Amino acid sequence: MPAPAVGIDLGTTNSVVAVSLAGRPQVLSDGNHGPLIPSVVSFLESGERLVGRTARVRRAIDPAHTVASVKRLLGRPFKSEEVRRAKSRVAFDLKEGPDSSVVVSTRGGDFSLPEISAMVLREVRRVAEQGLNQRIDRCVVTVPANFNELQRSSTKIAGRIAELEVIRILNEPTAAALAYGYGRGTREKICIYDFGGGTFDVTLLELAGNVFEVLATAGDTFLGGDDLDAALADWLVPHLLRTTKVDALQDRVAYDILRDAAESAKCALSTQEATTAEFVYQPRKNADPLRFLHRITRAELERLAAPFVSRTFDVCNEALKLAGLKANDLTAVILVGGSTRIPSVRQRVASFFGRDPLTNLPPEEVVAL
Ligand code: ADP
Ligand code: MG
């Protein structure tokens, strides 16, 4: 049997690969680690390179050589606002490359952004080949609806470097609508609300038969779950200082560990009313590890998250205005992105659009499916 083409959601934070077997789409997993492949590459001192799950844990240990969230910079000029903002936020080094492109400079060498994306795609391919026990060489890759030609061609170049033939580039919101079974004849206008790790995107689609027309798309490339992690970490800083004397604002590694603790707590609070954030830190080699535990309630997280969630609706209003539509003109709202697991996000989406959003499919997997 010829190898099937796989569908790849090459995400800012996580990538996911899916395949259609006997007409049924399903995500592929790395053993029992689940389907999310962190879009992270870490360059070790030994010269070795880690990609995906093993690279992600190095964000807090070796942030200067652990490269993440490059997608929002793909195909953007070095002097753009996005690159300037990213430079002030990330610990790895971004330099200007040929034709005002962006180059990531690491101890493992300098790499273009398509080269970094290709490293992630190779890992995605490995997961797919292991899951299917078959060689894979063709794929469909999804991109945000607002990606321009340069960003789309950079995505194709990444595929080529990874020796994958990209047979089609598909818009992420269109992919999500297909996964929910749209595109079989109904004529309606729907909304795809995508709140991921680093970015927020909203797209209004008009469906007519199997044609998906983008009526409007709007987004914020610096609005996502990462902001919630940082807000919660910032809120924990004074508590940590009081209990352990560690000032995370003066200690990058401590802050990154605190942020990881905040993210775990945030995710737990989507299904629990309260949880305990756990911070374990060894300030120096051979020093005793410090342990800090702090109880957080869902209400506290929701209060910290509220201003960020509000910003997503400013973006929704922008898209509605562009399309000349009102929130209740839409006949369905599809939730995409891990941050839409937060109960208050779901509630606020429901009240903004005046209808319950579709949530049957896992929001991190729906685009790949
Ligand atoms: P992206 O599209 O940016 O690649 P994802 O859709 O995988 O990313 O979303 C990643 C974000 O979702 C992260 O910020 C992560 O913390 C957040 N997330 C994942 N699961 C949950 C959860 N249960 N509750 C809240 N946030 C979650
Ligand atoms: Mg995504």
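Side chains included, hydrogens not; waters and symmetry mates left out as well; all remaining heavy atoms used. In each ligand, atom 1 is the first atom listed, and ligand 1 is the first ligand listed. Just so it is clear, the model here is predicted, and its values are computed rather than measured.
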* Nearest heavy atoms of V16 and E364, plus distance in Å -> CG2-O, 3.5 Å
* atom 23 (N) of ligand 1: the protein heavy-atom neighbour that sits closest, reported with distance to 0.1 Å -> R341 CD, 3.4 Å
* Using a 4.0 Å heavy-atom threshold (strictly under), name the region of S270 that reaches ligand 1: side chain, backbone, both or neither. => side chain
* To do: Ignoring angles and geometry beyond distance, decide whether E263 reaches within less than 3.5 Å of ligand 1 through its nitrogen or oxygen atoms.
  => yes
* So, are R125 and D137 salt-bridged, with charged N and O less than 4.0 Å apart? -> no
* Structure fact -> closest protein heavy atom to atom 10 (C) of ligand 1 is G197 N, 3.6 Å
* To do: Provide the number and element of each atom of ligand 1 under 4.0 Å from a heavy atom of T13.
  => 1 (P), 3 (O), 4 (O), 8 (O)
* To do: Can you pull out the closest protein heavy atom to atom 2 (O) of ligand 1? Residue, atom name and distance to 0.1 Å, please.
  => G196 CA, 4.1 Å
* To do: State whether the number of non-hydrogen atoms from other residues, nucleotides or ligands found under 6.0 Å of R85 atom CZ is greater than 12.
  => yes
* Asked: Which of the numbered atoms in ligand 1 are below 4.0 angstrom from a heavy atom of G337?
  -> 6 (O)
* To do: Among all protein heavy atoms, pick the one closest to atom 7 (O) of ligand 1 and tell me residue, atom and distance.
  => N14 ND2, 2.8 Å
* **Ligand-side contact atoms (ligand 1) for residue partner G11, heavy atom cut-off under 4.0 Å** => 4 (O)
* contact_flag S339 ligand 1 heavy-atom lt 4.0 Å -> yes
* To do: State whether a side-chain donor-acceptor pair under 3.5 Å links N171 with R152.
  => yes
* Asked: Which residue holds the protein heavy atom closest to atom 5 (P) of ligand 1, what is that atom called, and what is the gap in Å?
  -> G338 N, 3.7 Å
* **The single option from E81, E82, E96 passing salt bridge (Lys or Arg N to Asp or Glu O under 4.0 Å) against R76** => E82
* Identity and distance of the protein heavy atom lying nearest atom 21 (C) of ligand 1 -> C267 SG, 3.4 Å
* Measure up the F292 and F279 rings against each other and bin them: parallel (under 30°), tilted (30 to 60°), perpendicular (over 60°). => perpendicular
* Min side-chain heavy-atom separation C139-V166 under 4.5 Å -> yes
* Would you find more than 12 non-hydrogen atoms of other residues, nucleotides or ligands less than 6.0 Å from N328 atom CG? -> yes
